[in-house]
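Quick notes on the structure that follows.
Numbered from 1 within each chain, the chains take letters A, B, ... in sequence-line order.
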Amino acid sequence: MRLSKAFIPTLKETPSEAAIPSHQLMIRAGLIRPLTAGVYSFLPLGYRVARKVMEIIREEMDAIGGQEFHLPALNPLELWEATGRVEAFGDILFQVKNRPLVLAPTHEEVICSIAKNHVRSYRDLPQIWYQIQTKFRNEPRPRSGVLRGRQFIMKDSYSLDATAEGLDHSYNLHAEAYKKIYTRCGLKFFVVGASSGAMGGTGSQEFMVESATGEDTVALCDNCGYAANLEIATSKVPRARRNGISLELKEIHTPNVRTIDDLARFLSVGTEVLAKSLVYKSDGQPVLILMLGNDQLNESKLKSVLPGTLEPMEPEELAARIGAEAGSIGPVGLRGFRILSDERLRGGNNLISGANRTHYHLANIDMERDVQVECFADLRTVQAGEPCIQCEKPLRIVNAIEIGHIFKLGTKYAESLSANFLDERGVERPIVMGSYGIGVERIIASYIEQNHDAAGIMWNKALAPFIVHLIAVNTDKEELLSASDELYKELQQVGISTLYDDRLDATPGFKFNDADLLGMPLQLIVGEKNLRYGNVELKDRRTSKRTIVKKQEVVDAILHFVKS
RNA sequence: CGGAACGUAGCGCAGCCUGGUAGCGCACCACGCUUGGGACGUGGGGGUCGCGGGUUCAAAUCCCGCCGUUCCGACCA
């Protein structure tokens, strides 16, 4: 492509709305342009990258036996009502105003409706169906450029199996394919155990890229490789103590003590003998949650114990129900509340918590003797430095970008849409499903987050929109321009994709800076001082290493680079 | 949805407080000059100052409402 004729609008200045490097560079390098909040146009250069990513995905999906579909983004509302997901998605689901249609945020429903009509027997299974298509989600707050948009390209696939073992196999095939895809894209990634969230199902893993700009938080063990989304991560923290004798309950006066830290200071005790009470409403019913010391409640974990709506109780309602302020709430003698406790408090005694009387706390609480706990569960959020659940080495907590998510769905969707098949014995059973997603834009943005410098992007060969950026430096010299033209033609003939900066009016500095910004892996620089001796210059964008090569030999050198 | 900021030429911004001619840099067009790290000179084109209402002789500027965008938080498959 000749740059003089190409539409590659580069910007010298950083657009004010872009706060993170990938977003800034994608706009500056002319890959994308914003249209409205969370919606971007791919410009030609950006779409070349997107196509490379999609082709890698396609090859690896085909390699595990995937069959490519192209499903409609417009779905009948009725189909989504059947699975209850109109309500589950709520405002995230775009609904068409003048027809009972929705814009699909994912395609389990459509897949099931096809399977229901055409998969009749266990002999038709297993299947892996996939597509690469635009998804629509009405995100309340789009941000970080293409990392969280309202419209984005997603590879989504669905496995259909007869049995749970079959699902395990399909799931593992996907996990392996995903690793190959990210590796080929040049991403440094890791896999974490994840929450299935609103998707439901029996297990899920996320593929993550460590990045300060990521919206997910992950606990990592550098020693043994344990990695889990903070939504489900656990650690080996000790339980609350249990002393020999449970002392008698005793009310203590604690004027103006509200927080756990205040209380520990006031009583000169460690926070590990204190039980914190949090009050929520689950489907409108009051629930008291007990946490040890300053442990932070993990709402994702709580939601898996308390499905349904969940909201913190307002202080006014709390005061009205208990007659005490939030800092003095406790589990003993509390009526009308379900009581849940974090696992860490199981069996503890001689603990201190609120007395349900403002300015008073209750000491010597025995969890077994004094508290009617409905259930114990892991409800706490892991903190950095805590011992790893597997090897007890300290955990790290990092931010990460989710670039893929795989789910074992089970029979949830097949059941609600009656997607059944007949097994070997002629018994009708629901299809066992898995669902798997990769965000195409997130791969691109994550790649840029990991591979840029002050000057711009540093593409690898796999994702680069062009392999070579050919720069004609002194365009006023006839012989120099014709030498560049010649090289451009030769590179085209041997199939090396080349962006050729043949602009007559741009100064050398302008061209060099554009080349660094656009970030093709190799820059081929044709300038007067080298050409005089029959040489040209090759610059490696990533290392900035320059080599002087004979003009006749440079195409071979580039071919060698491409094959290496 | 809560908190905050912003909206003036394609981009980055000033002007607003203290009302009276819409400005700067980059980009763009023409000509000249220049060619190894975002040149230079001369001339030029381009703006309903987000939208609507109000105050005023007069509004980019003051007041009210709306819309949009971004950031922090909540939320998040």
Side-chain angles (χ1 to χ4, degrees), chain A residues 9-20 23-24 27-28 30 33-39 83 85 88-93 104-108 135-145 147-150 152 154 156 194-201 204-206 213-217 229 231 299-300 303 309-312 402-407 409 412-413 435-439 442 454-456 471-478 480-481 501 503-518 523 525-532 536-537 539 544 546 548:
Chain A
T10 57
L11 296 178
K12 190 154 66 174
E13 290 176 285
T14 301
S16 55
E17 80 263 17
I20 64 169
H23 189 197
Q24 294 169 349
I27 292 177
R28 286 190 54 213
R33 282 294 180 270
L35 185 62
T36 182
V39 180
T83 52
R85 290 217 291 182
F89 270 97
D91 200 39
I92 299 290
L93 184 69
T106 174
H107 276 84
E108 282 79 9
K135 295 285 187 275
F136 298 88
R137 296 182 188 179
N138 186 20
E139 294 289 346
R141 191 184 151 205
R143 72 187 102 176
S144 306
L147 282 177
R148 179 169 292 276
R150 293 202 167 118
F152 55 94
M154 182 171 167
D156 48 321
S195 157
S196 302
M199 288 290 285
S204 93
Q205 285 171 299
E206 288 168 324
T213 63
E215 296 179 12
D216 287 88
T217 317
N229 195 304
E231 291 173 347
E299 284 203 10
S300 301
K303 274 178 190 163
T309 66
L310 193 67
E311 52 180 340
E402 176 190 345
I403 50 173
H405 202 158
I406 57 181
F407 296 90
L409 292 179
K412 173 181 167 181
Y413 293 90
S435 112
Y436 316 87
I438 291 183
R442 283 188 177 182
I471 301 171
V473 179
N474 319 94
T475 46
D476 55 330
K477 306 289 188 298
E478 184 57 43
L480 199 139
L481 203 53
D501 194 343
R503 291 175 293 184
L504 299 177
D505 50 351
T507 59
F510 199 93
K511 291 181 177 183
F512 292 137
N513 283 306
D514 260 357
D516 288 347
L517 173 62
L518 297 181
Q523 293 174 16
I525 302 162
V526 181
E528 199 183 359
K529 67 181 184 189
N530 286 314
L531 193 64
R532 192 179 301 152
V536 293
E537 181 180 332
K539 178 185 159 188
S544 290
R546 295 160 189 272
I548 308 295

[N] pairs with which nucleotide, Watson-Crick or G-U wobble, both distances below 3.5 Å?
N: B:G2; result: B:C72
N: B:A30; result: B:U42
N: B:C13; result: B:G23
N: B:C62; result: B:G54
N: B:G7; result: B:C67

Side-chain contact check for A:Arg143: nearest option of B:C71, B:G36, B:G38 is B:C71
Among B:G38, B:G12, B:C76, which nucleotide sits nearest the side chain of A:Pro15?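 Among B:G38, B:G12, B:C76, the one nearest the side chain of A:Pro15 is B:G12.
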Flag side-chain contact, heavy atom, 4.5 Å: A:Asn530 against A:Val536: no
Under 4.0 Å, counting only non-hydrogen atoms across every strand here, what does [X] touch: a base, just sugar-phosphate, or nothing?
X: A:Lys539; answer: base
X: A:Arg33; answer: nothing
X: A:Leu480; answer: nothing
X: A:Ala18; answer: nothing
X: A:Glu139; answer: nothing
X: A:Glu311; answer: nothing

If you pin A:Gly145 and A:Gly509 to their nearest nucleotides in RNA chain B, which one's is more 5'? A:Gly509
Please tell me which of A:Gly38 and A:Thr475 maps to the more 5' nucleotide of RNA chain B, matching each residue to the nucleotide holding its nearest heavy atom.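 Nearest nucleotide further toward 5': that of A:Thr475.
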OP1 or OP2 of [N] sitting under 4.0 Å from any side-chain N/O of [X]?
X: A:Thr36; N: B:G68; result: no
X: A:Asn474; N: B:G36; result: yes
X: A:Arg546; N: B:G36; result: no
X: A:Thr507; N: B:G37; result: no

Between the base of [N] and the side chain of [X], is there a donor and acceptor pair under 3.5 angstrom?
X: A:Arg141; N: B:C75; value: no
X: A:Glu528; N: B:G36; value: no
X: A:Glu13; N: B:G25; value: yes

I'd like the [atom1] distance from [M] over to [N], given in whole Å.
N: B:U56; M: B:U61; atom1: C1'; answer: 13 Å
N: B:C26; M: B:G41; atom1: P; answer: 9 Å
N: B:G45; M: B:A39; atom1: C1'; answer: 23 Å
N: B:G50; M: B:A60; atom1: P; answer: 10 Å
N: B:G10; M: B:U34; atom1: C1'; answer: 26 Å
N: B:A5; M: B:A9; atom1: P; answer: 22 Å
N: B:C63; M: B:U69; atom1: P; answer: 24 Å

Can you tell me how far apart OH (A:Tyr436) and CE (A:Met154) are? Round to the nearest 0.5 Å. 12.5 Å
Distance (rounded to the nearest 0.5 Å) between A:Gln205 CD and A:His405 NE2: 8.5 Å
Salt bridge check: are A:Arg503 and A:Asp505 linked by an N-O gap of less than 4.0 Å?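 A salt bridge is absent here (no side-chain N lies under 4.0 Å from a carboxylate O).
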Between A:Arg85 and A:Glu108, is there a side-chain N and carboxylate O pair less than 4.0 Å apart? yes
Whether the side chain of A:Arg28 engages the backbone of A:Thr10 through a donor-acceptor N/O pair (distance < 3.5 Å, no angle test) should be reported.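 Side chain of A:Arg28 to backbone of A:Thr10, a donor-acceptor pair under 3.5 Å: no, none is there.
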Report yes or no: does A:Ser435 contribute a side-chain atom to a donor-acceptor pair with the main-chain N or O of A:Phe407 at less than 3.5 Å?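 No, because the side chain of A:Ser435 does not come within donor-acceptor range (under 3.5 Å) of the backbone of A:Phe407.
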Whole angstrom is fine here: how far is it from CG in A:Asp505 over to P in B:A27?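 Going from CG in A:Asp505 over to P in B:A27 covers 11 Å.
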Expressed in angstrom and rounded to an integer, what is the separation of A:Gln24 atom CD from B:C11 atom P?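 To the nearest whole Å, that distance equals 17 Å.
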